[in-house]
Amino acid sequence: MSDQAETPWITVKEAARYAKCGSKSIYLGVASGKLQAARLGGRRELRFVREWLDEWLRATSTLVLVNPGPPNASAFPLQRS
């Protein structure tokens with residue numbers, strides 16, 4: 001059994017690791033109002049739940065199309081009978 005009780009709350013460092021970005025991106029997301037956070041006591045003491053990070057990532061992400069163009073005609077030659 002671990003010394004710490006299981007909690008849904010994570011720190012800025014843990015949030016950055018979860019979102020695969022830097023801590024500065026987390027702080028900027030909070031400052032811009034795009035990332036929800038719970039502020040504790042001090043000015044920079046923040047806590048997050050993973051759902052908030054998921055919402056932020058979905059809202060601020062850019063869709064990337066892997067194959068955006070039409071299929072290459074030479075790759076699919078017309079079969080004539």
Side-chain angles (χ1 to χ4, degrees):
M1 191 175 223
S2 66
D3 293 341
Q4 289 182 312
E6 191 65 31
T7 177
W9 298 100
I10 60 175
T11 65
V12 171
K13 185 176 180 179
E14 293 166 331
R17 191 175 321 122
Y18 177 79
K20 294 183 174 47
C21 67
S23 296
K24 187 172 182 178
S25 294
I26 299 295
Y27 285 118
L28 289 172
V30 172
S32 70
K34 294 179 181 176
L35 176 57
Q36 186 176 354
R39 189 173 300 278
L40 304 176
R43 288 179 45 189
R44 293 175 63 93
E45 189 72 25
L46 301 173
R47 293 293 184 271
F48 306 88
V49 290
R50 287 174 177 82
E51 290 81 16
W52 296 347
L53 292 161
D54 291 336
E55 290 170 14
W56 173 65
L57 288 169
R58 278 191 294 275
T60 59
S61 296
T62 303
L63 177 64
V64 176
L65 299 176
V66 176
N67 189 5
N72 186 346
S74 63
F76 302 102
L78 294 176
Q79 295 180 359
R80 298 180 193 231
S81 31

For this session: Taking all non-hydrogen atoms of both residues into account, name the closest pair between K34 and W56 and its distance.
Result: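 Closest approach of K34 to W56: O-CD1, 3.5 Å.
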Exercise. Mind checking whether V12 and F48 have side chains closer than 4.5 Å, heavy atoms only?
Worked result: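 Yes. Closest side-chain heavy atoms under 4.5 Å.
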Exercise. Between I10 and R47, is any pair of side-chain heavy atoms under 4.5 Å apart?
Worked result: no
For this session: Using side-chain hydrogen bond (donor to acceptor under 3.5 Å, both in side chains) as the criterion, list what pairs up with Q36, not counting sequence neighbours.
Result: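 Residues passing side-chain hydrogen bond (donor to acceptor under 3.5 Å, both in side chains) with Q36: W52.
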Problem set entry | Residues that T60 engages under side-chain hydrogen bond (donor to acceptor under 3.5 Å, both in side chains), provided they are two or more places apart |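 Scan of T60 (side-chain hydrogen bond (donor to acceptor under 3.5 Å, both in side chains), adjacent residues dropped) gives none.
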Problem set entry | Gap separating the CG atom of L46 from the CD1 atom of I26, nearest 0.5 angstrom |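 Result: 9.5 Å between the selected atoms.
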Can you give me every donor-acceptor pair (side chain of residues 16-25, partner residue at least two apart or in another chain, under 3.5 Å) with its distance?
| unit_1 | atom_1 | unit_2 | atom_2 | d |
| --- | --- | --- | --- | --- |
| Y18 | OH | D54 | OD1 | 2.9 |
| Y18 | OH | D54 | OD2 | 3.2 |

